[in-house]
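Since the structure comes first, as structure tokens, the remarks are kept for the end.
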Protein chains: 2
Amino acid sequence: MSEEEIDFLEGLQNNTVEVQAGVDFVVEGDDRKTTFILIDGWASRYTTLSDGRRQILSFALPGDILGLHINFNAQAHYSATAMNTLKLAVVDPRRILEINQKFPILASGLSWCTAREFAILGDQAVRLGRLPAKARLAHLFLELWHRLELIRENNGKWLALPMKQSDLADTLGLSLVHTNRCIGDLRKSGLITVAKDHIKLEDLDALIRLSDFDPERLAEFSI
Amino acid sequence: MSEEEIDFLEGLQNNTVEVQAGVDFVVEGDDRKTTFILIDGWASRYTTLSDGRRQILSFALPGDILGLHINFNAQAHYSATAMNTLKLAVVDPRRILEINQKFPILASGLSWCTAREFAILGDQAVRLGRLPAKARLAHLFLELWHRLELIRENNGKWLALPMKQSDLADTLGLSLVHTNRCIGDLRKSGLITVAKDHIKLEDLDALIRLSDFDPERLAEFSI
DNA sequence: TACCGGATATAACATATGTTAATCGGAATT
DNA sequence: AATTCCGATTAACATATGTTATATCCGGTA
């Protein structure tokens, strides 16, 4: 990267804002068009059904970009909420277009981010469509664990999990009760240990076998 | 659009190829990096689990772009197959980067395509995660029907459906038998009529209510 | 310390969906 | 016309998951 590119990238992150846990900083139907870079904390992207039920589509971890592909003619088609205290860089999406025009290196970085988001959302569809409940949990844990590893926020076999079981349920398309049952099963069979806001993945290989997780798919997106 | 832009767009479609039904023209793990514009026919994007089961992620209809976000460092993370005879324009993805640099109007069109693909894949996740089987079917039918309408390939209440029930099952995360049961139920309750490779949506409002489908979400992507 | 409220856990039961197997139908082929 | 094959259909049964209700745990707060 040239100095100019580095300067531009840093300039994007000038305007930061803090968001408290539980606050929706993007709301489905919003006209406001903003791109966010997640500097610190975890966020979730979700949609709401007409009867109030939720489906969480994906989690955003530090370094992830939210709202990369603003459609200027449309409203936000999902909501985003802070799972813990966030630090967000607020970016005018027009600057994203500017990147594509002026900074080819950065542009290919954006393209990389998009490909990655697609892969993650595709994996989510596979979890929801083809895995039984326990495997869905294991698969999600492995995905988050590997993503944290890629941004060097991992901590051995421990996985930070700043979310309630009801959030896991809304992610995995399960009921709260069944989510709880399955976590208990995983615990009883020694595959995970549960602590407050954290779990420990005791046997990665067994979890991988159980969930048909493919570590290679995310590894392609290492830096 | 300027003449130059129109010329460039047409130039992209110079190199076309025909693909027979059932042929995989992108295979998961491939190193080959190509972008396709679907000129004619239907395609499906899918991944395969280690035990051979499939999850179809999305359908591509005429006008859709496949492989817009090639990650030059990675392999294809899904496969794509022709549902009927296809006509594909084969595009070097470097020309996509070129669009972003030189043709801002076209670039915003690409961004629009990406936002649309995200919305469609997000809707697929909602179907899989939060809708019961019959509603999943209705929701998918409505999505395809609306998408066909947007490209003026609709035909009244009739919906072309160039796929087997096992393809629907692999799309909706259901077993073949249950898919068949639910189609029968929809038929018996008069919501749809089934014919060879087509169904007729007899009562759009009832289908919308059944599946919590939101016509607005796709309408945002009308042309 | 006692209380409160949210989150987690467990149980009993209801329902949706999966599995296996058998049958049926129609289009292509002999 | 008979055969074959593939997809659609149906039935009987097994299993996973949802629902409702209640109990327990735990951190915050009066």
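Computation of the quantities below employed the complete heavy-atom set of this structure, encompassing side-chain atoms and omitting hydrogens, waters and symmetry-equivalent molecules. Protein chains get the first letters and strands the later ones, always in sequence-line order, with residue 1 at the start of each.
Rounded to whole Å, atom P of C:dT20 lies 17 Å from atom NE2 of B:His178. Rounded to whole angstrom, the span from the CG atom of B:Leu128 across to the P atom of D:dT17 amounts to 14 Å. Spacing between atom NZ of B:Lys134 and atom C1' of C:dT15 amounts to 13 Å, rounded to whole angstrom units. Whole-Å rounding puts the A:Asp185 CG to C:dA9 P distance at 12 Å. Nucleotide C:dT8 holds its C1' atom 16 Å from the CG atom of A:Leu186, rounded to whole Å. Taking atom CD on B:Gln165 and atom C1' on D:dT9, their separation rounds to 8 Å, with Å as the unit. Summarising the geometry, the separation between CD1 on A:Ile183 and P on C:dA7 is reported as 14 Å, rounded to the nearest angstrom. Here C:dA9 presents its C1' atom at 10 Å from CG of A:Leu176, a figure rounded to the nearest Å.
Put simply, the side chain of B:Ile183 does not reach to within 4.5 Å of the side chain of B:Asn180, judged on heavy atoms. A heavy-atom distance below 4.5 Å is found between the side chains of A:Gln75 and A:Asp31.
The side chain of A:Leu174 lies closest to D:dT17, out of D:dT10, C:dT19, D:dT17. Closest to the side chain of A:Asn180, out of C:dT19, C:dT10, C:dT17, is C:dT10. Picking from C:dT19, D:dG7, D:dG18 the nucleotide with the shortest atom distance to the side chain of B:Arg181 gives C:dT19. Distance from the side chain of A:Val177 is smallest for D:dT20 among the nucleotides C:dG18, C:dT8, D:dT20.
Along DNA chain D, the nucleotide nearest to A:Thr179 and the one nearest to A:Lys196 differ in position, and the one closer to the 5' end is contacted by A:Thr179. Toward the 5′ end of DNA chain C lies the nearest nucleotide of A:Met163, the other residue of the pair A:Arg130 and A:Met163 mapping further downstream.
Checked for salt-bridge contact, B:Arg217 and B:Glu143 miss the test: no charged N lies under 4.0 Å from a carboxylate O.
Using a 4.0 Å heavy-atom distance criterion, A:Arg136 is classed as making no nucleic acid contact.
Of the residues listed (A:Arg53, A:Arg54, A:Lys164), the one engaging A:Asp170 in a salt bridge (Lys or Arg N to Asp or Glu O under 4.0 Å) is A:Arg54, and it is the only one.
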**OP:** Test salt bridge (Lys or Arg N to Asp or Glu O under 4.0 Å) on A:Arg130 and A:Asp212 and set out the steps.
**Re:** CA-CA 10 Å; A:Arg130 283 299 178 219; A:Asp212 205 63; over 6 Å; no
